[in-house]
Each structure stands twice: as structure tokens, then as C-alpha cells.
Chemist: 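Pasting a structure here, questions to come.
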Amino acid sequence: NEIEKHFDSVIVFTGGGNFGDLYIHHQKFREDIATQFADRDVIFLPQTIEFTDQSNLENTRRTLNPLKNLSIFTRDVKSWSISKTFVDSGNSHLAIDCAFALISVLPRILKSMPPCASQPIYLMRKDREAVTNDVCAPSDALVIDWIAEDSLDWILSDADTRYLVD
């Protein structure tokens, strides 16, 4: 196992909105790793926490509560309140969403990019968390959903990747 090779490393999970039972496979993976490596420092970057089933919430609470090296960062007050039932209050933090860190670098990135010479690609959600407001893609845009990871392979293989930021 690759993680076991680095016995003194901290395990960090990306933030987002998949903490809870809306995306149960992501949640189970997160809990499995945190439990398997309970002796390590484990950090969940800013999350929104949502459970639709109280029994799933209780199961997560029972799984995470014994993990004394776990820190959870949340990006809203409701999630922060829930997270304090999972870990010691000193390990539960209300923080800004990591996506806001892009605000300082985005203008520089956009200024260095040439105008789009091919079909624009809009990454727009189509699942239960989709935003259905006035946002609409131009008629010539290729609209894809981030959930369809297999579709991203062929799109990115044909895309001009010189300006992708990793």
C-alpha cells in the first residue's frame, strides 16, 4: 500500500460538498482511510456536510469519534456544528472554502490566456446539486458534467491543455 510506505505523513482529503450520504461511496472511502490510519494526522479540508438519513449520520459519528488525530474543516456554520459531534471541538474548524483561494490568481491566469480558438467547454453540473438559475452556456459550447469522469478523458485529450492549471 502506497500510504503505508510514508508512515510519518499527514493524510489530507480535498474539500467540497461530498461529506455525508449524498455521495455515499466518497464518504465510505474517507471513513475507511481515516479509520485504517487512525494513528496518523488526518485532515478533511473545507467540507459541506449533509446527511439525508439520520442512521448514516450516527454511523459516521460512531466511526469518526474515536479518531483523535482527525481534524475537520467546514465551510458553513451548519456543517461546523455537525462536525463538532464527530471530533473534539478543538479539531473542528470553520474555514473559508478553498476555491476562494483562486480569487487572487485567477485574473493573472485569465490575462495570460489567448482568446479561445475552438469550441468552449462548460463544466456544469447536471446532478441533484446543479444550479438552475440564469447561467447558460453559449449555443456553440460543449456542456459536460464533472460526474461523468469517463467523458472527461476524451474531451481533455483533444483540448488545448497548454493553459490548464494544476
Side-chain angles (χ1 to χ4, degrees), residues 1-110 121-133 135 144-153 156 161 163-166:
N1 187 330
E2 194 63 32
I3 296 174
E4 291 170 345
K5 291 179 187 176
H6 306 281
F7 66 90
D8 60 347
S9 58
V10 175
I11 299 172
V12 179
F13 286 85
T14 61
N18 62 5
F19 193 112
D21 58 8
L22 293 178
Y23 302 97
I24 199 71
H25 299 294
H26 290 84
Q27 184 63 26
K28 180 160 177 21
F29 173 75
R30 180 184 295 109
E31 291 177 13
D32 288 349
I33 296 295
T35 302
Q36 183 179 350
F37 298 99
D39 58 327
R40 307 275 187 91
D41 287 327
V42 177
I43 299 170
F44 297 158
L45 291 177
Q47 295 284 338
T48 295
I49 300 173
E50 184 170 347
F51 285 88
T52 58
D53 184 325
Q54 188 66 26
S55 66
N56 290 335
L57 173 68
E58 294 302 326
N59 287 339
T60 294
R61 187 174 287 132
R62 278 191 297 277
T63 300
L64 298 182
N65 198 261
L67 306 177
K68 299 306 175 197
N69 296 326
L70 173 62
S71 294
I72 301 175
F73 290 81
T74 58
R75 55 189 191 176
D76 61 85
V77 174
K78 179 183 172 192
S79 297
W80 183 41
S81 177
I82 295 168
S83 73
K84 289 190 274 188
T85 69
F86 298 150
V87 295
D88 293 335
S89 62
N91 290 354
S92 174
H93 311 278
L94 181 60
I96 193 166
D97 190 320
C98 292
F100 288 111
L102 293 174
I103 290 172
S104 63
V105 297
L106 199 54
R108 179 177 46 83
I109 293 169
L110 292 175
I121 300 173
Y122 274 59
L123 184 61
M124 299 175 71
R125 295 182 71 155
K126 297 176 185 175
D127 64 358
R128 66 180 143 245
E129 293 187 59
V131 175
T132 54
N133 57 18
V135 177
I144 60 170
D145 185 350
W146 71 276
I147 296 291
E149 294 170 5
D150 57 334
S151 69
L152 293 178
D153 291 338
L156 292 178
T161 58
Y163 299 101
L164 292 180
V165 177
D166 188 20

Chemist: Heavy atoms, side chains only, cut-off 4.5 Å: are Leu57 and Ile82 in contact?
Modeler: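 Yes; the side chains approach each other to less than 4.5 Å.
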Chemist: Between Ile33 and Ile11, is any pair of side-chain heavy atoms under 4.5 Å apart?
Modeler: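 A side-chain contact under 4.5 Å exists here.
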Chemist: Could you tell me which non-hydrogen atom of Thr14 sits nearest to which non-hydrogen atom of Leu45, and how far apart they are?
Modeler: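 Shortest heavy-atom contact: C-CB, 4.1 Å.
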Chemist: State, yes or no, whether a side-chain contact exists between Tyr23 and Phe29 at a heavy-atom distance under 4.5 Å.
Modeler: no
Chemist: Does any N or O in the side chain of Ser92 come within less than 3.5 Å of the main-chain N or O of Ser89, such that one atom is a donor and the other an acceptor?
Modeler: no
Chemist: Lys78: which residues meet the salt bridge (charged side-chain N to carboxylate O under 4.0 Å, His left out) condition with it, sequence neighbours left out?
Modeler: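 Residues passing salt bridge (charged side-chain N to carboxylate O under 4.0 Å, His left out) with Lys78: none at all.
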Chemist: Are more than 12 heavy atoms from other residues, nucleotides or ligands located less than 6.0 Å from atom NZ of Lys68?
Modeler: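 Result for NZ/Lys68: enclosed.
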Chemist: For Phe51, what residues pass the ring-ring contact (aromatic ring centres under 6.0 Å, His included) criterion, not counting sequence neighbours?
Modeler: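 Partners of Phe51 under the ring-ring contact (aromatic ring centres under 6.0 Å, His included) test: none.
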Chemist: Suppose the criterion is salt bridge (charged side-chain N to carboxylate O under 4.0 Å, His left out): which pairs have a residue in residues 42-59, not counting sequence neighbours?
Modeler: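 Output for this query lists Glu58-Arg61.
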Chemist: NE2/His25 to CG/Asn18 distance, rounded to the nearest 0.5 angstrom?
Modeler: 12.5 Å
Chemist: Please check: side-chain N/O of Thr74 versus main-chain N/O of His93, any donor-acceptor pairing under 3.5 Å?
Modeler: yes
Chemist: At their closest point, which heavy atom of Arg40 faces which heavy atom of Asn69, and how far apart are they?
Modeler: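 Of all heavy-atom pairs spanning Arg40 and Asn69, the closest is O-CB, 2.9 Å.
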Chemist: Would you call the rings of Phe19 and Phe86 parallel, tilted or perpendicular if under 30° counts as parallel and over 60° as perpendicular?
Modeler: parallel
Chemist: Looking only at heavy atoms, what is the nearest atom pair of Pro46 and Asp97, with distance?
Modeler: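 What the structure gives for the nearest pair is CB-CA, 4.2 Å.
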Chemist: Keeping the roles fixed (side chain from Asn91, backbone from Leu70), state whether a donor-acceptor pair exists under 3.5 Å.
Modeler: yes
Chemist: Give a yes-or-no answer on whether the side chains of Ser79 and Gln47 include a donor-acceptor pair shorter than 3.5 Å.
Modeler: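 No, Gln47 and Ser79 have no side-chain donor paired with an acceptor closer than 3.5 Å.
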Chemist: Locate the shortest heavy-atom distance separating Asp21 from Asn56; write the atom from each residue and the value.
Modeler: OD2-ND2, 3.0 Å
Chemist: Mind checking the CZ-OG1 spacing from Arg62 to Thr60? Nearest 0.5 Å is all I need.
Modeler: 9.0 Å
Chemist: For Asn59, is there any backbone N or O sitting under 3.5 Å from a side-chain donor or acceptor partner on Thr63?
Modeler: yes
Chemist: How about Thr52 and Leu22: do any of their side-chain heavy atoms sit closer than 4.5 Å?
Modeler: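 The answer is yes, as the side chains (C-beta and beyond) meet within the 4.5 Å cut-off.
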Chemist: For Ala95 and Phe73, which heavy atoms make the closest approach, and how far apart are they?
Modeler: CB-CD2, 3.9 Å
Chemist: Calculate, to the nearest 0.5 Å, the distance between atoms CG and CG belonging to Leu67 and Asp88 respectively.
Modeler: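 Nearest 0.5 Å value for the CG-CG distance: 10.5 Å.
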